[in-house]
Amino acid sequence: MSDIIQILKDRGIFESVTSDELQKLAQRESLTVYAGFDPTSESLQAGNFVTIMVLAHFQRCGHRVIALVGGATGMIGDPSGKSKERNLLIEEQVMINLEGIKENLSRFLDFEREENAALLMNNNDWMKQFTYVDFLRDVGKYFRMGTMLGKDSVKSRLEGESGMSYTEFSYQLLQAYDFLRLYDEEGCSVQFGGSDQWGNITAGIDLVHKQRGKEVFGLTFPLVCDSSGKKFGKSEGNAIYLSSAKTSYFDFYQFFIRTQDEDVERFLKIFTFIPLDEISEIMKESEAAPEKRIAQTRLADEVTCIVHGERGLEIAQKASLVLYGGSIDDIDAATLLEIFSSVSSCDLSVDAVKGANIVDLVAVSGLCKSKGEARRLVQNGGLYLNNNRVTDLDLVVKDSDIIDGKLVVLRSGKRNYFLVEIG
RNA sequence: GGUAGGGUACCGAAGUGGUUAAACGGGGCAGACUGUAAAUCUGCUGGCUCAGCCUACCUUGGUUCAAAUCCAAGCCCUACCA
């Protein structure tokens, strides 16, 4: 079998293992491995990307992978890497989120195949059966206070301002129990996650060892940051989601297009399956003419295609062309609607648009929160009506500004488009 | 339960009776530059019927011509001690 650990190392998605034995073992036999996802939203985010890719690599190497959705733990909130207590999720929402997450994962993992099909599980299925007393007796008993308090995730929070609730403190027990459960039921012997998961993973390993006397393994990968040190997966403060309902094809594609030079090689290795020698060729070509951003384009193409398919990619590319090409004067409403299909928009009546003051329209449409904000935007020269800069606060929307009687394209700044549909 | 320190705009944080819509920093939004980069520079950052008005400094009352600032009660947070 291919050396999965070596692959991960070569691609820069390896940080540490609990035992070097794992590398040899993984070449000898097919293992069952798992990683957890928080069902905080109905769609996974770019921040989950690395975990997904590692799962996919494992499956491609012939291992059996389990994606564990934290239906129960998500209701508690993992304190790792967080400075503040998290909001709790309600069960119904978790169930809805679960469906979306499976859809996302199916782009990367094969849940159908005969051999080593991927599995999606929800830890709430076993957690909900526990009574508090049972849990304390069967699981809590095996945990030592010293160890628990020593975990980074706990220590840093106790030292910080906000403290930590008992609920969050208990989180590591729940995750540890997941591992034990998957070990018992599925023969799962490897758990991996981001480096901030180290404490939770080792807690599980300890629990399996204490209760079953068997050695299981943990593996972590580095948390991916961009070159400015920010956590990967946010664009202007908004998370990039994998589902097109939450992040449009265009925005998704653009997120990768805007990757910085220093990051792009690393990202190609982490977020695509392109062979390493091909990546170095791409990089050579790209560095010869950085302004063409060949590597960025390839990255965006690959990732968008995996997540959204050929069609999604095509729409994103088409939109990019139009939006960065310039004028939209010659394009009819139907084409525009397709290109902007996922840009935020609003529906207004003809009367509300025709003859309306531009400032009022911008505020009513929702592009700006208030008229004051709209006014400021115009004063700063940042508002565009059908791609023409608006300079006059008293500008009135004319009949001719409405494309095919159906559409007005507003834009704030360079790339922030907003559609007013007339209905 | 005891003691101490707090709650100010998106966040952090000044301000402790009077031009205070509230210094400063961060963030955010725009503009210039540019490779849809980074850095830098500039403007804006409560609402409105916008040279004016309205609503605001945890809540509720009170003192005062005047309160984010003083008083009282309440709610919440943090730390230390029990």
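The sequence lines fix the lettering, A, B, ..., with proteins before strands; numbering per chain opens at 1.
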Item to check | Between B/A14 and B/G7 - C1' atom distance, rounded Å | outcome: 15 Å
Closest of B/U36, B/C44, B/G35 to the A/Asn380 side chain is B/C44
task = May I ask you to verify if any side-chain N or O of A/Ser370 is less than 4.0 angstrom from the OP1 or OP2 atom of B/G46?
result = no
note: A/Glu291, atom CD; B/A38, atom P; distance rounded to Å ~ 17 Å
So A/Tyr34 and A/Phe179, ring-ring contact (aromatic ring centres under 6.0 Å, His included) or not? Walk me through it. CA-CA 8 Å; A/Tyr34 99 93; A/Phe179 202 168; 5.6 Å; yes
By the Watson-Crick or G-U definition, both distances under 3.5 Å, B/G46 is matched with B/C54
Residue pairs passing the salt bridge (Lys or Arg N to Asp or Glu O under 4.0 Å) test with at least one member in residues 169-181 of chain A, sequence neighbours excluded, are A/Arg181-A/Glu185
Next item on the list: Check the angle between the aromatic planes of A/Phe58 and A/Phe192 and answer parallel, tilted or perpendicular using the 30° and 60° thresholds.
Entry: parallel
Per side-chain hydrogen bond (donor to acceptor under 3.5 Å, both in side chains), A/Arg411 is matched among A/Asn388, A/Asn416, A/Asn387 by A/Asn387
| field | Inter-nucleotide C1' distance (B/U40, B/A51), Å rounded | value | 35 Å
### Query
Heavy atoms under 4.0 Å, any strand shown: does A/Ser412 hit a base, just sugar-phosphate, or nothing?
sugar-phosphate
When rounded to the nearest 0.5 Å, the distance separating CG of A/Leu182 from CG of A/Asn123 is 8.5 Å
note: A/Leu377, atom CG; B/G28, atom P; distance rounded to Å ~ 17 Å
Quick one: is A/Arg376 getting a side-chain N or O under 4.0 Å of the B/G43 phosphate, OP1 or OP2? no
Throw together a table of side-chain donor-acceptor distances under 3.5 angstrom for residues 267-281 of chain A, partners on residues two or more places apart or in other chains.
from     : atom 1 : to       : atom 2 : distance (Å)
A/Thr272 : OG1    : A/Leu268 : O      : 2.6
A/Thr272 : OG1    : A/Ile274 : N      : 3.2
A/Glu278 : OE2    : A/Arg298 : NH1    : 3.2
A/Glu278 : OE2    : A/Arg298 : NH2    : 3.2
A/Ser280 : OG     : A/Asp277 : O      : 2.8

In numerical order, the residues of residues 352-365 of chain A whose heavy atoms come under 4.0 Å of RNA chain B are none
Using Watson-Crick geometry (N1-N3 plus N6-O4 or O6-N4) or G-U wobble (N1-O2, O6-N3), each under 3.5 Å, B/U78 is paired with B/A4
In Watson-Crick or G-U wobble terms, with both distances under 3.5 Å, the base opposite B/G61 is B/C71
By the Watson-Crick or G-U definition, both distances under 3.5 Å, B/C24 is matched with B/G12
In whole angstroms, the gap separating P of B/G46 from CD of A/Glu373 amounts to 10 Å
Taking for A/Tyr384 and for A/Lys371 the nucleotide of RNA chain B with the nearest heavy atom, the one nearer the 5' end belongs to A/Tyr384
Here the distance between atom P of B/U34 and atom CG of A/Asp261, to the nearest Å, is 17 Å
Output yes when at least one side-chain N/O atom of A/Arg389 is less than 4.0 Å from OP1 or OP2 of B/A32, else no. yes
Side-chain atoms of A/Gln260 come closest, of B/G35, B/A30, B/A37, to B/A37
### Message
In whole Å, measure the gap between the C1' atoms of B/U69 and B/U64 for me.
### Response
13 Å
Paired to B/U40 by Watson-Crick or G-U wobble criteria (both distances under 3.5 Å) is B/A32
Please give the distance between the P atoms of B/G26 and B/U42 as a whole number of Å. 12 Å
Could you check whether A/Gln254 gets within reach of a base, just the sugar-phosphate, or nothing at all, counting any heavy atom under 4.0 Å?
base
### Query
Considering only the P atoms, how many Å lie between B/G6 and B/G15, rounded to the nearest integer?
11 Å
Judged by nearest nucleotide, the residue sitting upstream toward the 5' end of RNA chain B, A/Gln296 or A/Gly372, is A/Gln296
Hey, does A/Lys292 reach any base, or is it just sugar-phosphate, or nothing, if we go heavy atoms under 4.0 Å? nothing
**Q.** Span that lies between the C1' atom of B/C77 and that of B/C70, in whole angstrom
**A.** 24 Å
Distance between P atoms of B/G18 and B/A66 (Å, rounded)
14 Å
Winner on side-chain proximity to A/Lys414, out of B/U49, B/U34, B/C29, is B/U34
